[in-house]
Amino acid sequence: MHARAAAATTAALLGTGALVLPSTAGAQAPADTAVAAPAAHKNPTVVAHRGASAYAPENTLAAIDKAAHMGFRWVENDVQRTKDGVLVIVHDDTLKRTTNVEKVFPGRAPWKVKDFTAAEIAKLDAGSWFGPRYKGARVPTLTQYMKRVSRNHQSLILEIKKPELYPGIERDTLRVLRKTGWLDRHHVKNKLVVQSFSADSVKKVHAQRPDIKTGFLGTPSTAQLPAYAKFADQINSTHTSISAGYVSAIHRLKGPHGKRLEIFTWTVDETAAARRAEGFGVNGIISNKPDVVRRAISD
Ligand code: G3P
Ligand code: CA
């Protein structure tokens, strides 16, 4: 999105009304939320994006298993909702790209996730598009997925995808997280972040469960960061949109839990980009090729 359009969207979401253009990186934050600049963050957490999605079909159990086998504790995945109200792990708002839905349900274009029941989605092959060895992989429900993340002893950044299509998805998501044991103190404190491109959705999660760590996906201007720091613990920006100054501006603020605001940057799949982000002092790097990032930052 163009910077001016992105700023306008952000302003609208925050309810500020006024268009605030991104300020220069490193601009001073207001004194009430600002803290002294920390030393640059070391050893960013590497997160397997949509599972280890360069090596296994994204958002499947195989992709988080692959991440686990590669030694990655943190995974990121996307949640949406079916026609009959079941939460499923899938990135696009249609099933076309990552399943054989066109073949199984030829008359149902444009194959929106929200137009299919969970039973229908369970029939789809979500692996063959990626490679024959993954034939038969399914679109997991959030419940199935949380059980597998638990079994793998992994931690999770869960993205609420396109919440505007699914009114109430925040409450539904929290219900499944609670039922699968993910809202106890241990999980909330150490193993879970809920993020979204929608500030409104992040605010809802924060209002409903203020103890949960949250992330806003985007690159608000430095002047806007204090407003986001009221409901988001992380600002998770594209790696191409950030600078050392921007990362410092984030780290100078405290989030809703009184800890320094963090930044997990995405999607970093190359050595040079990983080293650049590490040099900026980011807290986390989200990657389809987490092994490439791990190698880059450990050299
Ligand atoms: O976690 C960052 C990233 O997942 C956001 O973008 O489109 O891959 O869900 P996308
Ligand atoms: Ca995502």
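Since we're looking at a predicted model, the values are computed, not measured. Both ligands and their constituent atoms are indexed starting at 1 by order of listing.
Distance check: Thr271 OG1 to Arg295 CZ gives 7.0 Å after rounding to the nearest 0.5 Å. Taking CD from Glu278 and CG from Asn43, the interatomic distance works out to 7.5 Å, rounded to the nearest 0.5 Å.
Side-chain polar atoms of Asp291 and Tyr55 form a donor-acceptor pair below 3.5 angstrom. A donor atom on one side chain and an acceptor atom on the other are not found under 3.5 Å apart for Asp125 and Asn100.
Of the protein's heavy atoms, His49 NE2, 3.3 Å lies nearest to atom 3 (C) of ligand 1. Considering only non-hydrogen protein atoms, atom 1 (O) of ligand 1 sits nearest to Gln195 NE2, 2.9 Å.
The atom of Glu76 nearest to the Ca ion (ligand 2) is OE2, with the search restricted to N, O or S atoms. Closest N/O/S atom of Glu159 to the Ca ion (ligand 2): OE1. The N, O or S atom of Asp78 lying closest to the Ca ion (ligand 2) is OD1.
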**Q.** Val149/Asn77 under side-chain contact (heavy atoms from CB on, under 4.5 Å): CA gap, chis, key distance, verdict
**A.** CA-CA 11 Å; Val149 179; Asn77 294 90; 5.7 Å; no

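Ligand 1 lies nowhere less than 4.0 angstrom from a heavy atom belonging to Phe264. The shortest separation from a heavy atom of Ile286 to ligand 1 is under 4.0 Å, placing the residue in contact.
Residue Arg50 has at least one nitrogen or oxygen atom sitting less than 3.5 Å from a nitrogen or oxygen atom of ligand 1, judged on distance alone. For ligand 1, the polar-atom distance check finds an N/O of His91 within less than 3.5 Å of one of the ligand's N/O atoms.
Using a 4.0 Å cut-off between heavy atoms, Asp78 contacts ligand 1 through its side chain alone, with no backbone atom that close. At a 4.0 Å heavy-atom cut-off, ligand 1 touches Leu217 through the side chain alone.
Atoms of ligand 1 found under 4.0 Å from any heavy atom of Phe197, numbered from 1 in the order shown, are 5 (C), 6 (O). The Glu76 neighbourhood of ligand 1 comprises atoms 1 (O), 3 (C), 4 (O), with distances under 4.0 Å to a heavy atom of that residue. Listed by number with element, the atoms of ligand 1 under 4.0 angstrom from any heavy atom of Lys161 are 7 (O), 9 (O), 10 (P).
A 4.5 Å side-chain heavy-atom check between Pro226 and Leu253 finds at least one atom pair inside the cut-off. Taking the side chain as every heavy atom from C-beta outward, Val47 and Pro290 never approach each other to under 4.5 Å.
Considering Val104, Thr98, Thr99 in turn, Thr99 is the only one that fulfils the side-chain contact (heavy atoms from CB on, under 4.5 Å) rule with Val101.
Aromatic pair Trp182/Tyr145: ring centres not closer than 6.0 Å.
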